[in-house]
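Note that ligands are numbered from 1 as they come in the structure, with each ligand's atoms numbered from 1 the same way. Keep in mind the model is a prediction, meaning the values are calculated, not measured.
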Amino acid sequence: MDRRDFLKSAALLCALGVAARVDRAIGGETKSSSVRGVVRRRYKNTAIELPLLGFGMMRLPLRGRTIDKAKSQAMVDRAMAAGINYFDTAYFYLGGQSESFVGEALRKYPRDSYFVVSKMPVRKLKRASDLELIFQEQLRKCRVDHFDFYMLHALNAKMFDLAERLKAYDFLKQKKAAGKIRYLGFSFHDTPEVLTRIADAHEWDFAQIQLNYLDWELYRSREQYELLTSRKIPVIVMEPLRGGKLANLPEKAARILKNAAPNSTPAAWAFRYAASLPNVMTILSGMSRMDYLEENIRLFQDIKPLNEQEQRVLAAALRVLRNIDSVACTGCHYCKCPSEVAIPEMLKIYNEYLEDKDLAKFRKAYQAFPTDKRAENCVACGRCVKACPQMIRIPEEMAKIVKLVKK
Ligand code: SF4
Ligand code: SF4
């Protein structure tokens, strides 16, 4: 579709009554569409309106290990049609395929009709000259001449020290001055104390943090959100469903939500929780299926904040959830194991066991994995631990899994 066709179809949709209407239900500057588009929020004091639902490009449909381009393209097209034009990719996503796919999928749309968001892979940096090489590679892969939003990826205390040593912020600031980046921020996984250090070290346009109702206290997301809000740094939310955990609640917790709202879903409760926070600009969802995208579009067309009664219901479900032991894996796949252990998949079946205590089911699930992917191949090298944003002690968890299989 060229620019003229795009504008033509937009005009047609307006004529059919899909023009945006102002909805002040959430925050002061929220807009929602009456029929088609998802709710949007104004970004800072700019004229930019971001969709409240952003498309995370890290969990696209796959065919084996490669992106299923036909299915993924159809999802991008559907997202664009629904006004979800914020595409969050990164150098590491999907083994490096995500950025190239974003470039390919969006090239048929006018450049000013979507936001391309990517990140500098700090942990890949060895020397300052890598910054330019990687940045140019990313522009090429995404087929753009600038990024709308760009971040230092997955900062924690160690990665921030590395970025500072290599003067990564100064490098990106120059790119911003040159028009190669419109808004500069960082994504973050560490404590509020480290966040304070980073937030106060430079001028940031936004920050991306892990935020959901389970992590609000557990991962200290509340403190992180408040800290950023007090500094007028807009928040982009990642992991609103905690890697799918909040979409697939244990039965007892799910029942509490179902009784309160029979037509709602656990995922909708979690999204509405994040959407209730006024300093949240966009909530990312890594959608891997068209039906998830459709469900999210329906929800975000007219998303409402949780009222007090609903917050009490959610708190009751949370109490149940927090009483169930689990490993905090979000399935991000940042951990690459040289011994080929399928770490997130192992943790997933282990978490299922912790929930239902069905040992026979757990053993069956474990044995369904090819032998070279199983936890028993872990040699405790610790490499995965360095990559895990949730700071999970993976070798210890693998040892527990092996012990459980042998039980
Ligand atoms: S600690 Fe175990 S699971 Fe982690 S990378 Fe090393 S071998 Fe793989
Ligand atoms: S173990 Fe950590 S790095 Fe690996 S998938 Fe889970 S959260 Fe991500």
Taking atom types as modelled and ignoring hydrogens, do the side chains of [X] and [Y] form a donor-acceptor contact shorter than 3.5 angstrom?
X    : Y    : value
E137 : Y91  : yes
N85  : R40  : yes
D205 : Y150 : no
S118 : K141 : no
Y366 : E376 : yes

Going by the order shown, which atoms of ligand 1 are within less than 4.0 Å of some heavy atom of [X]?
X    : result
C337 : 3 (S), 5 (S), 7 (S), 8 (Fe)
P338 : 5 (S)
S339 : 7 (S)
P395 : 1 (S)

Look at [atom] and say which protein heavy atom is nearest, naming residue and atom and giving the distance to 0.1 Å.
atom                    : answer
atom 5 (S) of ligand 2  : H333 N, 3.2 Å
atom 7 (S) of ligand 1  : V379 N, 3.3 Å
atom 1 (S) of ligand 1  : G382 N, 3.2 Å
atom 6 (Fe) of ligand 1 : C381 SG, 2.3 Å
atom 8 (Fe) of ligand 2 : C332 SG, 2.3 Å
atom 4 (Fe) of ligand 1 : C384 SG, 2.2 Å
atom 2 (Fe) of ligand 1 : C378 SG, 2.4 Å

(message) Using a 6.0 Å distance limit plus a 45 degree cone around the ring axis, check whether R242 lies over the aromatic ring of Y219.
(response)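 Because its charged atom misses either the 6.0 Å distance or the 45° angle limit, R242 does not stack over Y219.
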(request) Report yes or no: does S98 contribute a side-chain atom to a donor-acceptor pair with the main-chain N or O of A90 at less than 3.5 Å? (result)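 Checking the backbone N and O of A90 against the side chain of S98, no donor-acceptor pair under 3.5 Å is found.
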(message) If we ignore hydrogens and angles and just use 3.5 Å, is the side chain of R319 paired with the main-chain N or O of N323 as donor and acceptor?
(response)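 Flag not set: sc R319 to bb N323 has no pair under 3.5 Å.
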Under 4.0 Å from any heavy atom of [X], which atoms of ligand 2 are there?
X    : value
P344 : 5 (S)
L347 : 1 (S)
P389 : 3 (S)
Q390 : 7 (S)
I394 : 1 (S)

(request) Determine whether the aromatic ring centres of F186 and F160 lie less than 6.0 Å apart. (result)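 No, too far apart.
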(message) Quick check: closest heavy atoms across S72 and L60, and the distance to 0.1 Å?
(response)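 Looks like OG-CB, 3.8 Å.
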(message) Just checking: C335, one of its N/O/S atoms, less than 2.8 Å away from atom 4 (Fe) of ligand 1, yes or no?
(response)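 No N, O or S atom of C335 is closer than 2.8 Å to atom 4 (Fe) of ligand 1, so no.
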(request) May I ask you to check whether over 12 heavy atoms, not counting those of R231, lie within 6.0 Å of atom CZ? (result)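 Check passes, neighbour count above 12.
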(message) Tell me which one of Y183, Y169, F149 satisfies ring-ring contact (aromatic ring centres under 6.0 Å, His included) with W204.
(response)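 Among Y183, Y169, F149, the one that satisfies the ring-ring contact (aromatic ring centres under 6.0 Å, His included) with W204 is Y169.
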(message) Report whether any nitrogen, oxygen or sulfur of C388 sits less than 2.8 Å from atom 2 (Fe) of ligand 2 (N, O or S, backbone or side chain).
(response)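 C388 does place an N, O or S atom closer than 2.8 Å to atom 2 (Fe) of ligand 2.
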(request) Check each heavy atom of I343 against ligand 1 and say whether those closer than 4.0 Å belong to the side chain, the backbone, both or neither. (result)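 Under 4.0 Å from ligand 1, I343 contributes side-chain atoms alone.
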